[in-house]
Chemist: 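Provided herewith is a single structure, encoded as C-alpha cells, for subsequent inquiry.
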Amino acid sequence: MAYETILVETRGKVGAITLNRPKALNALNAQLMTELNQALDAFDSDATIGCILITGSDRAFAAGADIKEMEEKTYPATYLEDFFVTGDRIAARRKPMVAAVAGFALGGGCELAMMCDIIIAADTAKFGQPEIKLGVMPGIGGTQRLTRAVGKAKAMDLCLTGRMMGAEEAERSGLVARVVPADKLLEEAFAAAEAIASMSLPILMMTKESVNRAFETSLSEGVRFERRVFHAMFATADQKEGMSAFVAKRPPDFKNA
Ligand code: CAA
C-alpha cells in the first residue's frame with residue numbers, strides 16, 4: 001500500500017514503521033493515524049511478522065497530535081467522531097511492539113510510545129505531556145498510561161507543568177526500558193525486535209496479554225490469569241520444542257504452533 005505519512009519496511013520477522021511527516025515533527029494528524037493503523041493491520045495479518053517496531057526521525061519521534069488540525073475542532077465534532085479513538089486500536093494490538101524514540105516524544109507522541117510494549121530511547125529523547133500549555137490535557141491515554149508507568153508524582157509533574165523529561169530521567173522513572181547512544185538507536189531497537197520475533201509468536205502474545213493484565217486487575221486475579229495461561233502453554237508444540245531444545249543443547253526452532 002502507498003502511504004504518505006509513514007514508511008514501512010520488513011526486516012526478517014520484524015515489521016518496521018517510520019513516522020514520516022518531517023516538516024511537522026511527525027505530528028499525528030488523522031491521515032497518519034489512519035495509515036499507522038493500516039500498516040499495523042497488514043503486519044498483524046502477516047504470519048511471518050513476530051514483532052513491530054515504530055520509530056520516527058532523529059529530531060522527533062512525534063511532537064504530539066497535530067495542533068493545526070485540532071485548533072478549530074468543536075466539542076460536538078470531537079464527540080461525534082470519538083476523536084482519537086484510533087489510539088485504542090493501536091494500543092489493542094496483540095503482537096509485541098517496540099518504540100524506538102529519538103528527539104521529541106511529546107503529547108500524542110509520548111502516548112504512542114507508551115502504547116508500545118517496550119520503549120528504547122536514544123540519549124537525545126525528550127518525553128512530555130505539554131497539552132496543558134495548549135489549554136487541554138492528554139487525550140490518547142497519557143493521564144492513564146503515564147501514571148501507571150511512572151507513578152502519580154511524576155505523572156502529575158509532567159501533566160500539570162507540561163515540562164519535558166530527558167531520556168535518563170525517563171529510564172530512572174520506569175517509562176523507558178533502555179537508553180542507548182543516538183547513533184545506535186535503530187541498531188539496538190532492531191536487535192531487540194529481532195530477538196523478540198525469534199520467539200514463539202503465540203507464547204509472545206500470551207506473555208504480552210498476561211503482563212498487560214497487571215494493569216487491569218487485582219494481584220490475585222492477575223496471578224491466577226498468569227497461571228492458567230502458563231498451563232495452556234503446555235498445549236503448544238513450541239513449549240515442547242523450547243524445552244527439548246534446551247535439554248538437547250541446541251537452538252529452538254519455533255513453529256508458532
Ligand atoms: N502539531 C502541528 N505542528 C507541529 C507540532 C504539532 N504537535 N509540533 C511541531 N509542529 C510544527 C511546527 O508548527 C513547525 O511548523 P512550521 O515550520 O510550519 O512553523 C514545525 O513543526 C517545527 O516545529 P518548531 O519550529 O516549533 O520546532 P522547535 O524545534 O522550535 O520546537 C517543539 C520543537 C518544542 C517540539 C515544538 O514544536 C512544540 O512545542 N511542539 C508542540 C508540542 C505539543 O504541544 N504537543 C502536544 C500536542 S497536543 C496532543 O498531543 C493532544 C493529545 O494528547 C491527543
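In each ligand, atom 1 is the first atom listed, and ligand 1 is the first ligand listed. It should be emphasised that the depicted structure is a prediction, and the values quoted were computed from it without experimental measurement.
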Chemist: To the closest 0.5 Å, what do you measure between CE (Met70) and CG (Asn29)?
Modeler: 10.5 Å
Chemist: Against the six-membered ring of Phe190, is Arg11 placed for a cation-pi contact (under 6.0 Å from the centre, within 45° of the normal)?
Modeler: yes
Chemist: Using distance alone, decide if ligand 1 has a nitrogen or oxygen within less than 3.5 Å of any nitrogen or oxygen in Gly139.
Modeler: yes
Chemist: So, 4.0 Å and heavy atoms of Pro138: is ligand 1 close enough to count as a contact?
Modeler: yes
Chemist: Looking only at the side chains, is there a donor atom on one of Asp46 and Thr48 sitting less than 3.5 Å from an acceptor on the other?
Modeler: yes
Chemist: Any N/O of Gly108 closer than 3.5 Å to an N/O of ligand 1?
Modeler: yes
Chemist: Number the atoms of ligand 1 from 1 as they appear, then name those within less than 4.0 Å of a heavy atom of Gly107, with their elements.
Modeler: 46 (C), 50 (O)
Chemist: Kindly say whether Ala182 contributes a backbone atom to a donor-acceptor pair with the side chain of Asp123 at under 3.5 angstrom?
Modeler: yes
Chemist: Under a 4.5 Å cut-off applied to non-hydrogen side-chain atoms, are Met165 and Ser173 in contact?
Modeler: yes
Chemist: Nearest protein heavy atom to atom 51 (C) of ligand 1, by residue and atom, and its distance?
Modeler: Glu131 CG, 3.4 Å
Chemist: Give the atoms of ligand 1, by number and element, whose distance to some non-hydrogen atom of Ala27 is under 4.0 Å.
Modeler: 1 (N), 2 (C), 6 (C)
Chemist: If we check side chain to side chain donor-acceptor pair (under 3.5 Å) with Ser200, which of these qualifies: Asp238, Thr207, Thr236?
Modeler: Asp238
Chemist: Between Phe230 and Phe234, does the ring centre distance come in under 6.0 Å?
Modeler: yes
Chemist: Indicate, as side chain, backbone, both or neither, the part of Leu134 found under 4.0 angstrom from ligand 1 when only non-hydrogen atoms are considered.
Modeler: side chain
Chemist: For atom 28 (P) of ligand 1, decide whether some protein heavy-atom distance is shorter than 4.0 Å.
Modeler: yes
Chemist: Thinking salt bridges, do Asp117 and Lys208 make one under a 4.0 Å N-O criterion?
Modeler: yes
Chemist: Could you tell me the residue and atom name of the protein heavy atom closest to atom 39 (O) of ligand 1, and the distance to it rounded to 0.1 Å?
Modeler: Leu106 CD1, 4.8 Å
Chemist: Check each heavy atom of Ala63 against ligand 1 and say whether those closer than 4.0 Å belong to the side chain, the backbone, both or neither.
Modeler: both
Chemist: Does a side chain donor of either Thr5 or Glu35 reach within less than 3.5 Å of an acceptor in the other side chain?
Modeler: yes
Chemist: Under 4.0 Å, heavy atoms only, figure out whether ligand 1 is touched by the backbone of Lys126, its side chain, both or neither.
Modeler: neither
Chemist: Specify the protein heavy atom at minimum distance from atom 30 (O) of ligand 1: its residue, its atom name, and the distance to 0.1 Å.
Modeler: Arg59 NH2, 4.7 Å
Chemist: Taking the side chain as C-beta and beyond, is there a heavy-atom pair between Val98 and Cys51 under 4.5 Å?
Modeler: yes
Chemist: Could you tell me which atoms of ligand 1, counted from 1 in the order shown, lie closer than 4.0 angstrom to a heavy atom of Phe84?
Modeler: 54 (C)
Chemist: Which of the atoms of ligand 1 are close to Met70, meaning less than 4.0 Å from one of its heavy atoms?
Modeler: 48 (S)
Chemist: Would you check the N or O atoms of Ile67, main chain and side chain alike, for any that come under 3.5 Å of an N or O of ligand 1?
Modeler: yes
Chemist: Output yes when Arg94 and Asp44 qualify as a salt bridge under the 4.0 Å nitrogen-oxygen rule, no when they do not.
Modeler: no
Chemist: Starting from atom 23 (O) of ligand 1, which protein heavy atom do you reach first, and at what distance in Å?
Modeler: Leu25 CD1, 3.6 Å
Chemist: Check this for me - ligand 1, Ala65, N or O atoms closer than 3.5 angstrom, yes or no?
Modeler: yes
Chemist: Using a plain distance cutoff, I'd like to know if Gln129 has any nitrogen or oxygen under 3.5 Å from a nitrogen or oxygen of ligand 1.
Modeler: no
Chemist: Which heavy atom of the protein is the closest neighbour of atom 16 (P) of ligand 1, given with residue, atom name and distance?
Modeler: Lys68 NZ, 3.8 Å
Chemist: Rounded to the nearest 0.5 Å, how far apart are CG of Leu106 and CD of Glu131?
Modeler: 8.5 Å
Chemist: Between Glu111 and ligand 1, find which residue part has any heavy-atom pair under 4.0 Å and reply side chain, backbone, both or neither.
Modeler: side chain
Chemist: Can a salt bridge be assigned to the pair Arg172 and Glu168 using a cut-off of 4.0 Å between side-chain N and carboxylate O?
Modeler: yes
Chemist: List the closest protein heavy-atom neighbour of atom 11 (C) of ligand 1: residue, atom name, distance to the nearest 0.1 Å.
Modeler: Ala24 CA, 4.0 Å
Chemist: Is the shortest side-chain N to carboxylate O distance from Glu221 to Arg213 below 4.0 Å?
Modeler: no
Chemist: Hey, is atom 18 (O) of ligand 1 touched by any protein heavy atom at less than 4.0 Å?
Modeler: yes
Chemist: Just need the protein heavy atom nearest to atom 54 (C) of ligand 1, so name the residue and atom and give the distance.
Modeler: Ile140 CG1, 3.3 Å
Chemist: Strictly inside 4.0 angstrom of atom 45 (N) of ligand 1, do you find any protein heavy atom?
Modeler: yes
Chemist: What residue and atom, counting heavy atoms only, is the protein's closest point to atom 21 (O) of ligand 1, and at what distance?
Modeler: Lys23 O, 3.3 Å
Chemist: How about atom 13 (O) of ligand 1: does it have a protein heavy atom within less than 4.0 Å?
Modeler: yes
Chemist: Rounded to the nearest 0.5 Å, what separates atom CD in Glu241 from atom CD1 in Ile203?
Modeler: 12.0 Å
